[in-house]
Amino acid sequence: MRKKCLQCGLINFSADLECRRCGTFLTSRGNVPDETAEEGSKGGKRSLAKKLLWIAGATLSVLFICYVSLLASSDRLALEQKQVVYRAISVLEQNGFTRDVFALRHFASFRSTDNWWNRYLGHREAYAATNFPFEIVTLYPEFFNVAVDDQERAVILLHESYHLFGYGEAATLEGVWRNKSRLGWTAEKYAQTKVWKNTIELTRGTMPQLFQCGADGQADCTP
C-alpha cells in the first residue's frame with residue numbers, strides 16, 4: 001500500500017512518515033492500493049489460469065487421440081451382432097437396470113476385435129472387455145457363441161456396464177452376482193452352462209465372503 005497525502009494529494013511511498021511535497025504527517029487513512037503490486041498479483045493469477053487451461057487442453061487432446069486410435073485399431077460389430085447386443089440390452093431394460101442400459105446405449109462403443117491396447121495387455125479367456133474411461137466394449141466370439149441365450153448375454157453386459165462406470169473387478173463381480181436372480185439367471189436354470197461355471201468360479205475366488213452360508217458354510221449367500 002502507498003500513502004496519499006490528505007493535504008495535497010501526493011502519492012508517497014509506504015515507508016514515508018511525512019509528505020514529500022508539503023511535509024504533512026501521513027496517516028493510515030491516506031493509504032491507497034499499490035497498483036503495481038495489484039497488477040502483478042492479477043498477472044500471476046492470469047498466468048496460473050493459463051497454465052491450468054493448457055494442462056487441461058493437453059490432457060483432453062491426448063485422451064482424444066488415444067480414443068481414436070483404439071477405435072481405429074479394432075473392428076465394428078456386424079449387423080447381426082448388433083441385433084444380438086440390442087436384444088441383451090433390452091433384457092436389462094425389462095428388469096429395471098435403467099442406469100446400466102443408459103450407459104450401454106449412449107456411451108459404450110462396441111467392437112468385435114481387440115484394439116492395440118487389449119492386444120498389448122492380453123487377456124484370459126473372456127466374453128468381453130471394457131476400456132475405461134474410453135467406454136469401448138470389446139465383445140469376443142464367446143459372447144455370441146458360448147452364452148446360451150440373451151439372458152446370459154445380458155449378465156455379461158451388466159458386468160461390463162459396471163466397468164463403464166469405473167468399478168474394479170471385485171466390485172463388478174459382487175454387483176453382478178447379487179443381481180443374478182433379478183435377471184432370472186439362477187442355478188436352477190443355468191448351473192450347467194459355461195458362463196455360469198466361469199462366473200461362479202471367478203466370483204468365489206475373488207469374493208469368498210459371498211459363499212459362506214448354509215450348513216457347510218460354503219453355500220451362496222445371495223438370494
Side-chain angles (χ1 to χ4, degrees), residues 1-74 76 89 92-93 96-111 114-123 128-138 157-176 178-179 206-207 209:
M1 300 293 287
R2 296 181 182 181
K3 294 179 180 179
K4 180 179 181 180
C5 179
L6 299 179
Q7 182 68 28
C8 69
L10 179 69
I11 303 298
N12 295 271
F13 292 111
S14 59
D16 292 338
L17 298 178
E18 296 180 352
C19 178
R20 288 179 288 112
R21 175 187 292 166
C22 67
T24 301
F25 179 73
L26 300 173
T27 67
S28 59
R29 289 184 302 166
N31 287 353
V32 296
D34 189 328
E35 295 179 358
T36 303
E38 187 175 333
E39 289 177 0
S41 175
K42 289 182 179 178
K45 290 180 180 178
R46 285 196 295 268
S47 178
L48 178 60
K50 288 180 180 179
K51 288 180 180 179
L52 292 176
L53 286 174
W54 186 89
I55 292 173
T59 301
L60 290 175
S61 297
V62 170
L63 289 175
F64 179 75
I65 292 172
C66 287
Y67 174 73
V68 172
S69 71
L70 292 174
L71 291 180
S73 58
S74 58
R76 298 179 180 180
I89 294 176
L92 290 172
E93 184 175 35
F97 292 90
T98 306
R99 184 196 70 162
D100 307 280
V101 169
F102 184 84
L104 290 166
R105 281 183 174 163
H106 299 286
F107 295 116
S109 297
F110 293 102
R111 315 301 286 179
D114 273 326
N115 52 58
W116 64 267
W117 183 243
N118 285 350
R119 289 195 294 270
Y120 173 76
L121 291 178
H123 59 80
T130 296
N131 300 114
F132 177 82
F134 302 103
E135 312 303 74
I136 295 176
V137 180
T138 304
L157 290 184
L158 178 62
H159 182 106
E160 299 310 315
S161 74
Y162 276 84
H163 289 316
L164 289 174
F165 287 103
Y167 287 95
E169 188 67 10
T172 296
L173 287 168
E174 180 179 5
V176 171
R178 289 187 181 279
N179 282 289
T206 306
M207 302 292 294
Q209 60 270 33

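In this text, all values refer to a predicted model and were calculated from it rather than measured experimentally. In this chain, numbering begins with 1 at the start of the sequence shown.
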Nearest 0.5 Å, what's the [atom1]-[atom2] distance between [X] and [Y]?
X	Y	atom1	atom2	result
Leu173	Thr206	CG	OG1	5.0 Å
Leu53	Leu48	CG	CG	9.5 Å
Phe97	Leu158	CZ	CG	5.5 Å
Leu104	Arg99	CG	CZ	10.0 Å
Met207	Arg178	CE	CZ	7.0 Å
Ser69	Trp116	OG	CH2	5.5 Å

Specify the closest pair of heavy atoms between [X] and [Y], including all atoms of both residues, with the distance to one decimal.
X	Y	value
Cys5	Leu26	CA-CD2, 3.8 Å
Ser109	Leu71	CB-CD2, 4.1 Å
Leu70	Ser74	O-OG, 2.9 Å
His159	Val176	CA-CG2, 3.5 Å

Is a donor on one side and an acceptor on the other found under 3.5 Å between the side chain of [X] and the backbone of [Y]?
X	Y	result
Arg119	Asp114	yes
Asn131	Ala129	no
Thr24	Gln7	no
Arg111	Thr138	no

* Asked: With Arg21, which residues qualify under salt bridge (Lys or Arg N to Asp or Glu O under 4.0 Å), at least two apart?
  ->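 Not a single residue meets the salt bridge (Lys or Arg N to Asp or Glu O under 4.0 Å) criterion with Arg21.
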* Residues forming a salt bridge (Lys or Arg N to Asp or Glu O under 4.0 Å) with Arg20, sequence neighbours excluded ->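 If we apply the salt bridge (Lys or Arg N to Asp or Glu O under 4.0 Å) test to Arg20, skipping adjacent residues, the hits are Asp16.
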* Asked: Would you say the side chain of Leu10 lies within less than 4.5 Å of the side chain of Asn12, judging by non-hydrogen atoms?
  ->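 They are in contact (side-chain heavy atoms under 4.5 Å apart), so the answer is yes.
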* If you count the non-hydrogen atoms of other residues, nucleotides and ligands that lie under 6.0 Å from CZ in Arg105, is the total more than 12? ->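 Atom CZ in Arg105 is packed in, count exceeds 12.
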* To do: Show the numbers, then the answer: is there a side chain to side chain contact (heavy atoms under 4.5 Å, CB included) between Phe25 and Leu6?
  => CA-CA 9 Å; Phe25 179 73; Leu6 299 179; over 6 Å; no
* To do: Over 60° means perpendicular and under 30° means parallel, so classify the ring planes of Trp117 and Tyr120, tilted if in between.
  =>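 If you compare the ring of Tyr120 with that of Trp117, the planes turn out parallel.
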* When the ring planes of Tyr167 and Phe165 are compared, do they come out parallel, tilted or perpendicular, using 30° and 60° as the limits? ->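 Answer is perpendicular, since the angle exceeds 60°.
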* To do: Under the side chain to side chain contact (heavy atoms under 4.5 Å, CB included) rule, what do Ile136 and Phe110 come out as? Steps first, then yes or no, please.
  => CA-CA 6 Å; Ile136 295 176; Phe110 293 102; over 6 Å; no
* Does a donor on one side chain sit under 3.5 Å from an acceptor on the other, for Asp100 and Ser161? ->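 Side-chain D/A pair, Asp100 to Ser161: present.
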* Answer with yes or no whether the side chains of Thr130 and Tyr162 bring together a donor and an acceptor at under 3.5 Å. =>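 No - no donor-acceptor pair under 3.5 Å links their side chains.
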* Evaluate the side chain to side chain contact (heavy atoms under 4.5 Å, CB included) criterion for residues Thr172 and His163: first the C-alpha distance (whole Å), next the side-chain angles of each, then the deciding distance (0.1 Å), finally the verdict. => CA-CA 7 Å; Thr172 296; His163 289 316; 3.4 Å; yes
